[in-house]
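Here the structure is laid out as structure tokens; the discussion comes afterwards.
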Amino acid sequence: MIQAALAAAGAFATPGRPVSAAPMGEGAGHIHRTFRVTCERGEVALQRLNTQVFPDLDAVMANLQAVTAHLQGKGVKTLELVPTNSGGFLHTDAEGVWRCTRFIAGGRMPLEPPSLHDARAAAKALGDFLAAMADFPVAGLRVPIPGFHDTRARFEAFRAVADGSEEAAFAFTHEFLADALVDRTQPIRPVHNDTKLANVLLEAETGEGLCVLDLDTVMPGLAAHDFGDLVRSAAFDGGEDEVTARLDLDRLRALAEGYLEGAGESVTRAEREAFGLGARVLAFELGLRFLTDHLEGDRYFAVSHPGQNLARARAQFARLRALETQADAVDRICAGG
Ligand code: GN1
Ligand code: MG
């Protein structure tokens, strides 16, 4: 795959000839394969795109170009596409479809689990993103993955393959969450939709937010989806497939303060008041998605060993349980109170 990445990099207008490639963000991204490619006069990030998950690459690329242009116009640091030598932004070869962006120097991933400082900085970067996208016309966004955060549809997909396991039984007791975010007075707006901590880059020197990554799922949605996904990923100790689910309320507060500081006036009170619920719904929804994928034979999320998606599902359900046990405090903190 390294050789394939190097060969594919040669099709892009890189800063000099590509010299070496190394996998990047391994274990963090479950969908595309990403490589850091060193060229004669600089570095790029090269991705082999997952066309099963994103069959409509036209929509993905149209959104990416429009969103990055919008952010650049506001002076917000964002991904910069590197064109191919023949002019477009995608290169197709026998290995698949490739995309290239400039390597963002001077960045680092947030600590795992995040320190209070990293949690606040990453959350602020995501809040800034919401605010910067607030005046982007929502109707101008294409929808590469329909129903991405349609929790009811995710539940029905689970129901169709459900087994008699303890995890499935737990999911059935929480069916009410499938419709919980519907019928609230929240605006449909441009949101990121995949706000896990690993999708934010911090400045290596200062630890402040540097760039929000992974813009492939920017679509119409709810602020509660973005805030909820951040909480389900960042407010707990333990990795995504570890069942230890200690909810850190101080970190939750840092996430809420950072996010609300970034989002500022662009977030309404009704939106804020749904943030705690958003965290529970997103933990539930992702648990359902992992469990469904496990029952379907790991067709969607990349796994390093059999049973990993089941472990990931258990971990999300454990997080949901922890969020429910302390729901009053969670709701108050998430709403900024
Ligand atoms: C996937 O692309 P990546 O790895 O950042 C998934 C998200 C999940 C996340 C869980 C397109 O995100 O929805 O929350 O895994 N992205 C897609 O780690 O399905
Ligand atoms: Mg993603």
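Note that ligands are numbered from 1 as they come in the structure, with each ligand's atoms numbered from 1 the same way.
Within 6.0 Å of the CZ atom in Arg102, the count of heavy atoms belonging to other residues, nucleotides or ligands does not exceed 12.
For the residues Asn50, Asn193, Asp293, Asp194, the heavy atom positioned nearest atom 16 (N) of ligand 1 is part of Asp194.
Contacts with ligand 1 closer than 4.0 Å are made by no heavy atom of Asp216, backbone or side chain. The proximity of Arg289 to ligand 1, defined as any non-hydrogen pair under 4.0 Å, is limited to the side chain. The residue Glu285 has no part lying near ligand 1, judged by heavy-atom distances below 4.0 Å.
Annotation for ligand 1: atoms under 4.0 Å from non-hydrogen atoms of Asn199 are 5 (O). Of all atoms in ligand 1, numbered sequentially from 1 with element shown, those under 4.0 Å from a heavy atom of Leu286 are 8 (C), 10 (C), 14 (O). Taking a cut-off of under 4.0 Å to the non-hydrogen atoms of Lys196, the atoms of ligand 1 that pass are 3 (P), 4 (O), 5 (O), 9 (C), 10 (C), 12 (O), 15 (O), 18 (O). For ligand 1, the atoms sitting less than 4.0 Å from at least one non-hydrogen atom of Arg232 are 10 (C), 14 (O), numbered in the order shown with element in parentheses. Shown in contact with Phe148 at under 4.0 Å from a heavy atom are these atoms of ligand 1, numbered in order with element: 11 (C), 13 (O), 17 (C), 19 (O). Close approach to Tyr300 involves these atoms of ligand 1, each under 4.0 Å from a residue heavy atom: 11 (C), 17 (C), 19 (O). Ligand-side atoms of ligand 1 in range of Gly29: 4 (O), range being under 4.0 angstrom from any heavy atom.
The shortest N/O to N/O separation between Asp214 and ligand 1 falls below 3.5 Å.
Ring geometry, Trp98 versus Phe35: the interplanar angle falls from 30° to 60°, so the pair is classed tilted. Between Phe172 and Phe158, the ring planes lie tilted relative to each other; the angle falls in the 30° to 60° range.
Residues in residues 263-285 take part in these ring-ring contact (aromatic ring centres under 6.0 Å, His included) pairs, two or more places apart or across chains: Phe227-Phe275, Tyr259-Phe275. A ring-ring contact (aromatic ring centres under 6.0 Å, His included) check over residues 175-203, counting only residues at least two apart or in different chains, returns the pairs Phe129-His192, His174-Phe176.
With salt bridges taken as basic N to acidic carboxylate O contacts below 4.0 Å, none links Asp135 and Arg189.
With respect to Asn193, the side-chain contact (heavy atoms from CB on, under 4.5 Å) criterion is satisfied by exactly one of Asp216, Thr217, Asp229: Thr217. Results of the side-chain hydrogen bond (donor to acceptor under 3.5 Å, both in side chains) test with Arg120 over Glu257, Glu208, Glu261 single out Glu257 as the only residue that passes.
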